[in-house]
Amino acid sequence: MKVSEIRIIHYRAPLREAFTTSFGTMKVRDTVLIMVRDDEGYTGWGEAPVDNGPWYNPETINTVIHVIKDYIAPALKGKEIRHPCVLRGILSRIRGHNMAKAGVEFAIWDMYAKRHGEPLYRMIGGVKRKVEAGLSIGVIGDIDKLLRSVALGLDKGYRRIKIKIKPGWDILPVKTIRREYGDIPLQVDANAAYTLHDHRVFEELDKYGLLMIEQPLHYDDLYMHSILQKTIKTPICLDESIKNIYDAMAGHSLGSYKVINIKPARVGGVCETLAIHWYASQHGIPVWIGGLLETGIGRAFQVAVATLSNVKYPNDISESNRFYIEDVIETPWRLGKDGTYIVPEKPGIGVEVREDVIIRHAEKVLSISLG
Ligand code: OSB
Ligand code: MG
């Protein structure tokens, strides 16, 4: 197949509830949606779930639009794409910009699977028919509100609770949740808010039987994490620090982590996700799929990769209506009572994209013809 058109959409929708991490608060969701069309008229959708600034990773709305328009689109012009993973070769001159690459790769995967009349999860070797969801709760800063959110999450069936922590909001919330809700599956995510000087916080957190501590130290670090992991028994899970298979290999050799949170968009797409997933599988390292407040389109890719065999923990895949008043897909993601999503069996990502909703919330639409 050949890509004949790429449409880049800056999508902006208010969040139903603000989401606070150690690096900031998000009230409105700015993201980039991508549509591709091929020479036979098949289409596919993807999402580059960036933020409105370089907060979670270095990319922004404008860098994603710029890199797709000025580098990715020209590189695809006239190229025969036999399989979505040949994109890694075609785009290899472009260093970094994983989310821009992922957004386009996702759309090409959706289109490729539709051409083959197969659901995406089966085309990538997924084996699960249902995927488990966990809830990620932001830094709330109020114990009563936090406890209500935990109760609500457990009530909805989410299979584990993750709370965001930062200095000053770490031990007390964990201790209180343990006191009120006992031995529930619980983990914390620091989003790189600590240094090794804070080792006492981790020694204390180590007493609460957490499933894992996610990204405690610097977002690019592997070495300091390896030192911290030696001093605590709770597994360290890396998120920000693992941007590709090379980071995964280096971190494993150093002993920096025991679990990986793979966000397909962070690592540059489904193909890199597969590489990391199978590397981890061979080395006995469990993984799970992380999220970035994706719309229903991005969630569909999370669901597809969460069907892989070495995904061993619940994934950060929230229901559509948790963050969005109206999602961009026809059957919004809804959790079953058992805390799982049923994996769509329809071709491609298996959800219908609602262009009417997208147009209503589109800040900017750019259409590039490669014909
Ligand atoms: O570190 O996992 C993270 C959201 C925004 C930025 C970073 C992270 C998160 C989440 C994901 O915790 C929550 C979700 O998508 O449901
Ligand atoms: Mg994280």
Side-chain angles (χ1 to χ4, degrees), residues 13 15-31 47-60 98-99 131-140 149-150 152-153 156 158-166 169-170 186-194 210-221 225 235-243 247 257 259-267 287-303 305-306 313-324 327 332-335 339 341:
L15 288 182
R16 202 189 271 276
E17 53 180 274
F19 191 78
T20 301
T21 60
S22 59
F23 56 82
T25 296
M26 195 190 290
K27 295 189 177 115
V28 175
R29 185 70 180 112
D30 284 286
T31 184
E47 174 172 2
V50 278
D51 205 334
N52 62 357
W55 320 133
Y56 167 76
N57 87 339
E59 296 177 82
T60 69
N98 283 354
M99 287 202 187
V131 301
E132 290 183 275
L135 183 65
S136 174
I137 298 175
V139 172
I140 291 187
S149 299
V150 172
L152 215 69
K156 280 193 178 279
Y158 284 104
R159 295 265 183 114
R160 62 101 172 108
I161 300 295
K162 152 172 149 181
I163 66 163
K164 296 281 188 183
I165 58 169
K166 66 175 191 182
W169 179 259
D170 38 38
L186 181 66
Q187 64 195 57
V188 295
D189 183 0
N191 285 111
Y194 298 86
L210 299 171
L211 292 173
M212 64 192 80
I213 298 175
E214 192 176 328
Q215 196 69 40
L217 309 178
H218 192 275
Y219 55 84
D220 269 337
D221 171 75
H225 281 99
I236 289 179
C237 169
L238 291 184
D239 173 346
E240 285 93 325
S241 287
I242 308 292
K243 294 172 288 298
D247 292 334
Y257 65 81
V259 181
I260 309 175
N261 162 348
I262 306 181
K263 293 182 182 171
R266 185 192 73 229
V267 303
V287 308
W288 55 280
I289 307 305
L292 289 164
L293 314 189
E294 284 91 341
T295 68
I297 294 173
R299 296 294 188 201
F301 289 90
Q302 290 184 277
V303 167
V305 297
Y313 289 99
N315 310 287
D316 275 346
I317 311 176
S318 293
E319 289 190 286
S320 289
N321 70 4
R322 172 168 182 221
F323 293 114
Y324 298 100
D327 204 351
W333 293 104
R334 272 207 67 182
L335 214 52
Y341 295 102

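In each ligand, atom 1 is the first atom listed, and ligand 1 is the first ligand listed.
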What residue and heavy atom of the protein are closest to [atom], and at what distance?
atom: atom 13 (C) of ligand 1; answer: Ser136 CB, 3.6 Å
atom: atom 6 (C) of ligand 1; answer: Leu292 CD2, 3.5 Å
atom: atom 4 (C) of ligand 1; answer: Phe19 CE2, 3.5 Å
atom: atom 11 (C) of ligand 1; answer: Gly291 O, 3.0 Å
atom: atom 15 (O) of ligand 1; answer: Leu293 N, 2.9 Å
atom: atom 8 (C) of ligand 1; answer: Lys164 NZ, 3.2 Å

### Message
By the definition side chain to side chain contact (heavy atoms under 4.5 Å, CB included), identify the one residue from Val305, Val287, Leu238 that meets it with Ile262.
### Response
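Exactly one option meets the side chain to side chain contact (heavy atoms under 4.5 Å, CB included) with Ile262, and it is Val287.
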Tell me which one of Leu135, Asp327, Leu335 satisfies side chain to side chain contact (heavy atoms under 4.5 Å, CB included) with Glu319.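 Exactly one pass, corresponding to Leu335.
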Note to self: Tell me whether the count of non-hydrogen atoms from other residues, nucleotides or ligands lying under 6.0 Å of CZ in Phe23 goes above 12.
What the structure shows: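 Yes, CZ of Phe23 has more than 12 neighbouring heavy atoms, counting only those of other groups under 6.0 Å.
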| message | Looking at Arg16, I want to see if its CZ is surrounded by more than 12 non-hydrogen atoms of other residues, nucleotides or ligands under 6.0 Å. | response | yes
- Message: With nothing but distance in play, are any N or O atoms of Glu240 less than 3.5 Å from an N or O of ligand 1?
- Response: no
Would you say Lys162 has any N or O atom under 3.5 Å from an N or O of ligand 1, going by distance alone?
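Checking ligand 1 against Lys162, an N or O pair does fall under 3.5 Å apart.
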Min over Gly134, Gly298, Ser318, Gly24 of heavy-atom distance to atom 16 (O) of ligand 1 lands on Ser318
Checking heavy-atom distances from atom 1 (O) of ligand 1 to each of Asn191, Thr20, Ile289, the winner is Asn191
Going by the 4.0 angstrom heavy-atom rule, the piece of Asp51 near ligand 1 is neither
In ligand 1, the atoms that come under 4.0 Å of a heavy atom of Lys263 are 1 (O), 2 (O), 3 (C), 7 (C), 8 (C)
Asp239 heavy atoms within 4.0 Å reach ligand 1 at atoms 1 (O), 2 (O), 3 (C)
Which atom, counting only N, O or S, brings [X] closest to the Mg ion (ligand 2)?
X: Asp239; result: OD2
X: Glu214; result: OE2
X: Asp189; result: OD2

Could you check whether any side-chain heavy atom of [X] comes within less than 4.5 Å of a side-chain heavy atom of [Y], counting everything from C-beta outward?
X: Gln215; Y: Asp189; result: yes
X: Leu217; Y: Tyr194; result: yes
X: Arg29; Y: Lys27; result: no
X: Ile317; Y: Trp333; result: no
X: Met212; Y: Trp288; result: yes
X: Glu240; Y: Asn57; result: no

Against ligand 1, does [X] come closer than 4.0 Å with any heavy atom?
X: Arg299; answer: yes
X: Gln215; answer: no
X: Glu214; answer: yes

Verdict with reasoning, Ser318 to Tyr158, per side chain to side chain contact (heavy atoms under 4.5 Å, CB included)
CA-CA 9 Å; Ser318 293; Tyr158 284 104; 4.1 Å; yes
Salt bridge or not for Arg160 and Asp316, using N-O below 4.0 Å?
-> yes
